[in-house]
Amino acid sequence: MELALPLYFRSPGTLDNAHTIRGPAISVTDPRKPSMPTQCLDPTFFISDRDSTGGEKSTLSTLSSIPYHPAEQGIAQTREEIESTLKGHGVLIDSSLSFEYIIVGGGTAGLVVASRLAESLGPGQYVCVVEAGTYRQDPLVDVPGAFGMSNMNQDYDWSYETVPQENLHDRRIASSAGRLLGGSSGINFLVRMRASGPEYDAWNAFGNGWDWQGLLPYFKAEERYEGYVLGTDQIFPGITKKEDEEARLKEPEFRGHSGPVHSTHNNIYTDLLQPTIETTLKFGIKTNRIPGYGVSTGMFNIDIAVNRQQGTRSYAANAYLRDPESIVPQSNVVVLKHVYATKILFDSHASGQGAKAVGLACLGGVDWKSPSPVNSLPAFELKVNKEIIVSTGTFNTPRLLELSGIGNPEILSKFNITPIVRLPTVGENLQEHPVVISDFVVKDGVFTLDKLRVDPKYRAEQANEYYEKRTGAYATTVSAYGFFKLKNFLTEKEVEELRTELDKEILRASNGFYKKQLAIQRRFLDDDDVGDVELIMVPRVFASDPKDNTSYISFVVLLPHPVARGSVHISSSEPLAPPSIDPQYLNNLHDTKILTKAMQFVRKLSETAPLKDIIVAPSTPGPEVQTEAQFEEFVRNHLKSSGHPIGTAAMAPQPLGGVVDENLRIYGTQNVRVVDMSIAPLHLAAHLLDTAYAIGEKASECLSVRL
Ligand SMILES: Cc1cc2nc3c(=O)[nH]c(=O)nc-3n(C[C@H](O)[C@H](O)[C@H](O)COP(=O)(O)OP(=O)(O)OC[C@H]3O[C@@H](n4cnc5c(N)ncnc54)[C@H](O)[C@@H]3O)c2cc1C
């Protein structure tokens, strides 16, 4: 039976009329699974006629091409709607009523703070969350197997680009950051992990008192660990039953079981896992049953942010807000969606202990795909009683601070912004993990997640399984992640050359903060508990334009501790103008050499049994890429952003170049804090989601409201 898309999926101009879907007719208000957004469950999402012809579209890209927005989500809020939301709380714009706290940015860390603050407020006291995006109950967010599909899509993502990168042949690099309620936790790859202990301890080298042991309770506070269905010893070669049992015994010390964000593991493992792990073991890269217990090196079965019972992404919006869909998600949290903060407003009469924030200037109703002129948008101001918490993420936080007059006076004066707080390092110290991806064609009959793309029957079965049980390939993401040392793939002479290279960078470092950071990174090179390179095995095509009926194995190489430091600054005083993002990728030999040699290592892995027994040929880069110079050229042409920027409002002493103190308060202000990944002073060998939640949890305590 062929079925046209239900009416509310239609979006003129975006949906090709010929693009119909096949499958059993299922009512969108199907009562069978009332606890779950029914839209997510409709198996017709996964079955398109284009796919069944074996055409170029994969199931997942079909998923991303469906304009799936319940009407209210796509519509920008008008001033009237914003006013009525506020009125519902007894708050009138322009009245003398004010919020106790305003959280700018309803993202990963921001929603933690909003939720925890709300727990401590009395009747009639409100936290206001101002979020530029909206709540998206949507398969591109909710379905775990759709990971990555919303990236660089303006409905979900700020979709930034860097300035041309000199060392990447002037390429501009696509740079994602979530623009929806839940922030980047709603568009990321659902990976959950913590860095190794010494890396958090290194933050304390900047005198802020933050370290691994101190952060552990906050990691536990955010986590609802659901455990394994299968024992890891049954899944990962190299892990014994005894190790598995010991890990379970240690769980109470390291795992949280009653926090809001779900954590579990995949239940489907492809034919690529065993050979990958057996091959990396041959290079001395051990398997690790307990990453997150203080040492996150080795290959491991990653935790994923999936609510196993519902089969959906667990993220800041649906974990920390009780009911993110309603206008009043939590009794004393007011969430303003589609509202963009343009400026923190300060009391011009305050003197003495620093600038005092009294409110926030906002624009409502921004249509991000084609923003109207600023003066035609509803503008309003919110008043704050206690504090403003800036949680707009590493790219947008320096933008908001600079637009508000907090930053380097030279940059501010270029855009005729009067400096309120002179902090020359706002927007500096940008650190980002560069990644390079390669993939290989695998032999026929080897089971990979490409089966969803190449096999319509399997796809239909999996869609039904997801609909019925919320399990199967659509509830599955990537499993095998690992961090390892340079010595695992380089000779001692090569490692020594890289140490020397880093020593030279330390001597060249232009300021004390950077010098100190590099000295720590130099120490990390000799610490077996801190990874120098990350390897992710993606069990499907990830780098190539896939061929029909062909399956792939992909490897992502990521550099956890780059030497490169970049910046993010405003490019205009016009509040909607995107910031100028300059990560300075590969501006040094150290980063270039490690990434190049790691790519060569991946090729070597592919030529080593048992991996080589399932591989037919390299696809991207192709077999013609052989020499170190050719691999380096490949890296320059293909390097991508990981979505892991940090550091633009670093937590460090002000004389050293810090923007916030150990309580995350911005120097020179009385009541403005930054709570997001921009406060991290030094990068981590980890994906950042859990750390962002932990920062939010700890910040809530800094605000003296809980524990
Ligand atoms: C594509 C991608 C994949 C990733 N994959 C993983 C992964 O699998 N695992 C992992 O651990 N980490 C991953 N990360 C990193 C991790 O998700 C982020 O580091 C973390 O979520 C950042 O949290 P945050 O609170 O700093 O910012 P965000 O979560 O990005 O929140 C910032 C919020 O502020 C809002 N905002 C910004 N400016 C304004 C303004 N002026 N007014 C109003 N609202 C505003 C934004 O819309 C957003 O909601 C990924 C990141 C990306 C981008």
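Counting starts at 1 for both ligands and their atoms, following the listed order.
- Smallest separation of non-hydrogen atoms from Arg255 and Ser263: NH1-OG, 4.0 Å.
- At a threshold of 4.0 Å, the pair Arg192-Glu222 counts as salt-bridged, since one of the basic side-chain nitrogens sits closer than that to a carboxylate oxygen.
- Phe219 pairs with exactly one of Tyr293, Tyr200, Tyr225 by the ring-ring contact (aromatic ring centres under 6.0 Å, His included) rule, that one being Tyr200.
- The closest side-chain donor-acceptor pair between Tyr269 and Asn301 falls under 3.5 angstrom.
- In this structure, ligand 1 sits under 4.0 Å from heavy atoms belonging to Gly105, Gly106, Gly107, Thr108, Ala109, Val130, Glu131, Ala132, Asn151, Trp158, Ser176, Gly178, Arg179, Leu180, Gly183, Ser184, Ser185, Asn188, Phe189, Leu190, Val191, Val339, Tyr340, Ala341, Ser391, Thr392, Gly393, Asn396, Gly643, His644, Asp676, Met677, His687, Leu688, Leu689, Ala692.
- Put simply, the residue from Thr648, Val390, Leu664 that forms a side chain to side chain contact (heavy atoms under 4.5 Å, CB included) with Ile679 is Leu664.
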Show your working on side-chain contact (heavy atoms from CB on, under 4.5 Å) between Asn429 and Gln431 and close with a plain yes or no. CA-CA 6 Å; Asn429 189 44; Gln431 298 168 50; 3.1 Å; yes

